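One structure below.
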Amino acid sequence: MRLLPGVLLFIATVAALIIANSPLVSFYNYLFEGIIIFNHFNLHMIVNDFFMAIFFLVVGCEIKKEILYGNLSNIKKAAFPIIAACGGVIFPAIIFFLFNSKTPYSLGIGIPISTDIAFAIGVFMIFKNKLSSSLKIFLLSLAVVDDLLSILMIALLYSSDFNYYALGFALIIVGFIVLLNKLGKKDFLTPYLILGLILWVSLYISGIHATIAGVILAMMFPTKRKNKNSKVDVTKKVERFFTPLCNLIILPIFAFSNTGISLDISFNMASAENLMSGVILGLVIGKPLGIMLFTYLSTKFHIAEKPKDARWSSIFLVSLIAGIGFTMSIFVTEIAFEGNLQAINLAKFSILIASLLSCTLAYIGIETMPKIVKIYCKKSKKLALNK
């Protein structure tokens, strides 16, 4: 079951690529861009702005659950994936900036900083027998924190001119959600979802990217204990209902609607090379480099605690898997280069290459690293005996 979301994403991506480079491309474009659902909203905007807010609602619930009850509840253990995520965001951003600071693509700095939760966990599950179970928790925590940082970057970099009246109304809605908690309405999901929908509309009108409404709502959900034997936890209800919806419907639809890339791309080679290098090197090299450097230094300075049953070689393998940006990277691409179809296609093409490279490197590493470690351990023992 864990593999299914990744499989569906792969199928949706391949189908979109085939259609986008076939005579059916005009129908594909009309389906997502030409059909107006209401006002100026077409299907593509609904998928990217509304459906992805639901996805971020689920991500927000995962973050909150980890903070309250899981791997982020212990400071030193929590620090390890959090610091890893920070390194995995900072280094790709630096690499992208070095290539694109003086190009028209500088706004794409948010593209190579993300890890795709569904694909990354899907790849991990393929090799689960060769990796420690604690590494899955590390990867999931890293990806969740990573996505939270991406959401914050979206809010800061890619929001349009602010409508302060709408923003003020959004704050009032947040106040109503707090009041709902105070009134003891802690086990009813529907009122929170209604207020969440109003919050989404308010943020959309305000100019802040509305997908952040999902995370705000998730963080506002009550999680207090009712008694010693039971918990009133709306987040669990959200996860039970929306996680299958996200994994089996929303993310595949998102992939299908956003990866219809024409491979017949005409571009200026000089600037295109900068964009492609920034995205590919940021994800494939920047991600693992930042994760490894930040986590190693954090343990050396006793800021964080590495999982006890995980070798550094295994952490490195997970850092390679974290280079699969895919869904989140494509999402940021659509926002960063809105209206620039050439830049969008080029960035998406680069994301696909980077994701394939990360998968390939992770596969090679997982297959060969244990053998290298065994050889190294044997040589170390021989040297110790000789001494």
Side-chain angles (χ1 to χ4, degrees), residues 59 80-121 123-124 138-158 209 258-259 271-298 315-337 343-344 346-362 365:
V59 170
F80 194 76
I82 291 171
I83 290 171
C86 291
V89 165
I90 292 169
F91 269 69
I94 290 172
I95 289 172
F96 187 91
F97 179 79
L98 290 174
F99 280 100
N100 293 279
S101 61
K102 296 179 180 179
T103 72
Y105 304 124
S106 58
L107 267 179
I109 194 169
I111 296 170
I113 70 172
S114 306
T115 296
D116 186 294
I117 295 175
F119 255 133
I121 295 298
V123 170
F124 183 93
F138 165 63
L139 177 60
L140 179 60
S141 301
L142 183 155
V144 166
V145 176
D146 188 302
D147 281 359
L148 178 60
L149 293 173
S150 297
I151 294 164
L152 290 174
M153 182 169 279
I154 288 168
L156 292 172
L157 291 183
Y158 305 125
H209 205 276
N258 286 282
T259 54
S271 58
E273 187 178 348
N274 287 335
L275 177 59
M276 293 182 73
S277 298
V279 172
I280 295 170
L281 296 179
L283 284 167
V284 178
I285 295 175
K287 272 282 177 189
L289 182 61
I291 290 169
M292 293 305 297
L293 183 61
F294 271 50
T295 52
Y296 180 76
L297 291 175
S298 69
I315 299 293
F316 174 67
L317 295 176
V318 171
S319 74
L320 291 174
I321 296 174
I324 305 171
F326 201 66
T327 305
M328 279 298 298
S329 295
I330 290 172
F331 180 64
V332 175
T333 296
E334 288 281 339
I335 300 168
F337 299 138
I344 288 172
L346 194 58
K348 287 180 180 179
F349 185 66
S350 303
I351 292 164
L352 288 175
I353 292 172
S355 297
L356 286 171
L357 282 172
S358 294
C359 285
T360 303
L361 290 172

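Predicted model only: the values in this text are computed from it and were never measured.
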For the [atom1] atom of [X] and the [atom2] atom of [Y], what is their distance to the nearest 0.5 Å?
| X | Y | atom1 | atom2 | answer |
| --- | --- | --- | --- | --- |
| Met276 | Ile351 | CE | CD1 | 11.0 Å |
| Asn274 | Thr103 | CG | OG1 | 6.0 Å |
| Ile111 | Ser350 | CD1 | OG | 8.5 Å |
| Ile291 | Ile83 | CD1 | CD1 | 12.5 Å |
| Leu107 | Ile335 | CG | CD1 | 11.5 Å |
| Leu289 | Phe316 | CG | CZ | 9.5 Å |

Between Ala347 and Leu275, which heavy-atom pair has the shortest distance, and what is it? N-CD2, 4.1 Å
Heavy-atom nearest pair, Tyr105 first then Ala343, reads CE2-CB, 3.6 Å
Between the side chain of Lys348 and the main-chain N/O of Thr333, is any donor-acceptor distance below 3.5 Å? no
Sub-3.5 Å donor-acceptor pair from the side chain of Ser101 to the main-chain atoms of Leu98, do we have one? no
Do [X] and [Y] have side chains that get closer than 4.5 Å, going by heavy atoms?
| X | Y | value |
| --- | --- | --- |
| Ile324 | Cys359 | yes |
| Thr295 | Phe80 | yes |
| Ile109 | Asn100 | no |
| Tyr296 | Ile315 | no |
| Thr115 | Met328 | no |
| Phe96 | Ile113 | no |

Show me, pair by pair, the donor-acceptor contacts under 3.5 angstrom made by side chains of residues 149-157, not counting sequence neighbours?
from	atom 1	to	atom 2	distance (Å)
Ser150	OG	Ser114	OG	2.8
Ser150	OG	Asp146	O	3.1

Name the one of Leu283, Ile280, Leu281 that satisfies side chain to side chain contact (heavy atoms under 4.5 Å, CB included) with Ile95? Leu281
In this structure, which one of Pro92, Ser319, Ser358 forms a side chain to side chain contact (heavy atoms under 4.5 Å, CB included) with Pro288? Ser319
Hey, what's the ring geometry for Phe294 with Phe91, parallel, tilted or perpendicular (30° and 60° as the breaks)? perpendicular
